[in-house]
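Single-structure report; data block below.
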Amino acid sequence: MTLRFALLVTTAAALRPTQTRVSTTKKLDVVVVGGGISGLATALELARRGRSVRVVSRDLAKSATLAAGGMLAPQAERLEEGPLLDLCVQAREAWPSWLDTLDAPRPTLNAVGGFVSPSLTPGSSIESWRPPSSAGPSEWLDGNALRAMEPSLGNDVRGGWWYPLETWVDPVQTHECLLKTCESAGVEVVVDQDVAGLDLARDGSCSALRLKDGSLLEAADYCVAAGAWLRGLLPIPVSPQKGQMLSLKPPPSNDRTGAPARVVYGEDCYIIPRGDRVVIGATVENSSTMHCDVEGVHALLGRAQKLCPGLGQWQLDDAWAGLRPTTTDGAPVLGRTRWSNLWVCGGYWRNGILLAPTAARLLADAMDSSLSEKDAQLLDACRWDRFFAPVSSESSRLREGHAGLTSGEPADLDRIGYGAITAGEADAGGAARAANLEALFGGGVSAPEPAPAAAPAAAPAAAPAAAAPPTLGEGGYEAVRGVDGAASRKSNLELLFGEKALDLPAEDEARAPPSEDGAGAGFPKAAPDEDDVILSMREAFADGTYGPELVEGALPSDLSGPTTRADGIQGLVDLPAPKVPLQGQSAADDLYAAVARNKGE
């Protein structure tokens with residue numbers, strides 16, 4: 001056991017509260033899963049707003065927080081312009097005031113003139129980088145100027161960026177302080193508790209947190225902040241990314257001239273002067289193991305010595321590894337899930353220490369329905385279902401209180417849903433609705449008035465025109481018939497094939513029942529550019545491909561044939577002949593005609 005690991009275990013054990021059996025009767029306001037900085041910061045924020053909060057953690061010593069570098073450095077991370085950078089900059093600016101709210105003794109912000117980010121090779125990612133001005137001041141310095149600022153840098157440094165506002169904090173001290181502050185704020189922290197799953201109900205809520213010892217925890221709200229293990233409770237693409245780190249201590253001569261005075265953030269390595277030690281990090285590995293190996297330690301030592309050659313005389317002190325919770329797009333997952341009282345905060349990747357306090361405030365504001373317009377946009381960019389195309393009016397992004405919804409009504413489902421499914425433009429839904437209205441009701445019929453959150457539209461549609469036999473357009477059924485997807489599909493099927501031709505189940509009955517552990521049950525998914533719509537979901541990758549199915553929905557046994565891509569009709573097999581002509585006015589009509597011909601054959 002390394003000295004650092006022993007220290008972390010000792011620290012976690014010393015702070016571990018006296019254990020009592022988890023109550024199965026007391027109903028709390030909030031249960032938080034995860035005892036890292038994300039879970040604790042969220043619990044503290046909610047407790048300060050008057051809620052009773054319990055944190056459930058399997059092992060505090062395995063938290064990624066304790067293995068982190070403690071960087072508060074969105075600029076050095078070279079984040080592109082966009083919501084993630086905006087969120088990280090806001091988080092960096094909020095850290096000093098948040099730190100002041102913690103109980104003493106508090107960790108200190110190590111602000112000694114910012115970070116330097118040196119380049120060793122021509123055309124490196126650091127040299128080609130152009131820092132967004134919105135993140136704060138930055139300045140490019142040539143090699144001589146950079147060495148004048150930080151003499152520990154070697155002669156091979158060609159130049160680099162100086163970020164005056166970047167800083168860092170000791171993550172172990174922060175975690176210890178946060179635990180004590182949570183205790184004084186009334187947060188109950190329960191450790192050595194394995195979470196088996198979430199009891200998810202058909203009414204769209206989470207009814208309990210199920211522990212592996214058979215206990216149930218009931219609360220008004222639940223928040224999952226399980227770090228790299230988040231995917232074990234919810235089907236969200238968060239995977240562990242291993243990072244090895246090490247620390248050095250001064251040589252026997254105690255000559256410390258080789259150490260930098262401020263953080264040196266290179267292309268593939270960073271060096272942090274932390275007390276009487278120097279911390280070097282970190283590898284990036286697609287692994288869930290927690291051991292350090294020769295290859296990783298050797299790589300880090302070599303990279304650090306190229307930046308600061310004087311470290312070659314220092315002694316190896318310790319090595320450790322942690323698991324970063326990483327999403328497929330590198331951005332966090334934050335906000336309400338499709339269950340009305342189930343929330344998630346995680347996937348912070350390399351920015352967990354930085355983001356935790358601000359993410360906790362955003363989540364608490366969302367629970368209180370007090371998000372500002374700007375914060376609602378940030379939260380919407382981090383929504384949990386952004387990896388999947390919505391096909392249902394029950395999608396969490398259409399729920400009341402979700403970021404982006406201010407009216408409390410479902411937004412324009414055609415604009416949000418079908419546009420995402422067909423990868424069309426944002427206003428593509430309007431054309432689909434117009435085609436559908438014309439097909440259903442004849443020419444010259446205006447679109448119905450949409451929900452207040454949607455774009456303005458014309459007056460409600462008139463009664464069906466008898467002169468024009470109705471056929472179906474390509475999309476927009478929910479816009480025509482209302483937001484009840486099951487009812488609109490049933491109405492359209494009856495229009496085509498006769499009254500009560502198909503008795504579709506209710507929307508919630510069409511989804512998969514919760515699995516035994518409840519993880520991921522009941523998620524609808526449509527894969528863009530596919531011909532089938534199934535009640536399941538898969539991960540959508542940037543290259544246009546899709547991962548394996550995570551959850552497969554339960555379709556009625558008599559619906560086993562083809563389904564259409566955009567309109568959500570679940571089956572056109574073993575149905576009576578169409579009651580109205582199929583005129584082939586759209587791709588959807590052509591599909592129906594083809595099905596009818598196939599039936600005849």
Side-chain angles (χ1 to χ4, degrees), residues 30 32 38 41-42 45-46 48-49 51 74 79-95 97-98 132 134-135 204 220-225 234 236 327 329-348 351 354-390 392-417 419-420 426-427 429 450-456 483:
V30 185
V32 177
S38 175
T42 302
E45 182 70 27
L46 293 171
R48 285 174 168 171
R49 300 188 184 201
R51 288 178 170 87
L79 298 177
E80 299 280 355
E81 193 90 53
L84 177 57
L85 178 62
D86 295 341
L87 178 61
C88 288
V89 170
Q90 182 183 133
R92 183 187 63 191
E93 294 175 351
W95 246 90
S97 59
W98 179 79
S134 61
D221 287 280
Y222 303 84
C223 178
V224 180
L234 287 169
I236 301 174
T327 62
D329 60 7
V333 180
L334 185 63
R336 193 200 302 265
T337 68
R338 78 173 306 276
W339 290 275
S340 58
N341 63 336
L342 181 58
W343 306 78
V344 63
C345 52
Y348 295 164
N351 300 300
L354 169 67
L355 288 175
T358 293
R361 180 187 61 79
L362 290 176
L363 195 70
D365 284 348
M367 284 186 170
D368 291 341
S369 300
S370 61
L371 283 168
S372 68
E373 183 177 353
K374 180 180 179 181
D375 286 345
Q377 291 173 354
L378 289 177
L379 201 64
D380 192 63
C382 299
R383 63 180 183 265
W384 83 288
D385 58 356
R386 67 181 183 271
F387 306 100
F388 314 109
S392 168
S393 59
E394 292 299 304
S395 170
S396 65
R397 72 185 67 180
L398 301 178
R399 283 188 176 276
E400 180 178 357
H402 186 275
L405 274 185
T406 58
S407 67
E409 297 292 336
D412 186 341
L413 185 66
D414 193 73
R415 177 175 59 84
I416 293 180
D427 59 351
V483 297

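If you read the sequence from its start, that first residue is 1, and numbering goes on from there.
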Between [X] and [Y], which heavy-atom pair has the shortest distance, and what is it?
{"X": "Gly330", "Y": "Thr327", "answer": "N-OG1, 3.0 Å"}
{"X": "Leu378", "Y": "Pro83", "answer": "CD2-O, 3.6 Å"}
{"X": "Glu45", "Y": "Ala360", "answer": "CG-O, 3.7 Å"}
{"X": "Ala135", "Y": "Val89", "answer": "CA-CG2, 3.7 Å"}
{"X": "Tyr348", "Y": "Ala356", "answer": "CE1-CA, 4.2 Å"}
{"X": "Pro74", "Y": "Leu354", "answer": "CD-CD2, 4.0 Å"}

- What residues form a side-chain contact (heavy atoms from CB on, under 4.5 Å) with Ser97, not counting sequence neighbours?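 So Ser97 forms no side-chain contact (heavy atoms from CB on, under 4.5 Å) with any residue.
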Do the non-hydrogen side-chain atoms of [X] and [Y] ever get within less than 4.5 Å of each other?
{"X": "Leu84", "Y": "Cys382", "answer": "no"}
{"X": "Leu362", "Y": "Leu87", "answer": "yes"}
{"X": "Phe387", "Y": "Asp329", "answer": "yes"}

If you measure from [atom1] on [X] to [atom2] on [Y], what distance do you get to the nearest 0.5 Å?
{"X": "Leu334", "Y": "Leu355", "atom1": "CG", "atom2": "CG", "answer": "9.0 Å"}
{"X": "Glu81", "Y": "Asp86", "atom1": "CD", "atom2": "CG", "answer": "6.5 Å"}
{"X": "Asp221", "Y": "Leu46", "atom1": "CG", "atom2": "CG", "answer": "8.5 Å"}
{"X": "Gln90", "Y": "Glu93", "atom1": "CD", "atom2": "CD", "answer": "8.0 Å"}
{"X": "Cys345", "Y": "Leu363", "atom1": "SG", "atom2": "CG", "answer": "5.5 Å"}
{"X": "Met367", "Y": "Arg336", "atom1": "CE", "atom2": "CZ", "answer": "8.5 Å"}

Please answer whether the main-chain N or O of [Y] pairs with a side-chain N or O of [X] as donor and acceptor at a distance below 3.5 Å.
{"X": "Trp384", "Y": "Gly335", "value": "no"}
{"X": "Asn341", "Y": "Ala220", "value": "yes"}
{"X": "Thr337", "Y": "Leu342", "value": "yes"}

- residues 363-373 vs salt bridge (Lys or Arg N to Asp or Glu O under 4.0 Å), sequence neighbours excluded, gives Arg49-Asp365, Arg49-Asp368, Arg51-Asp368, Arg361-Asp365
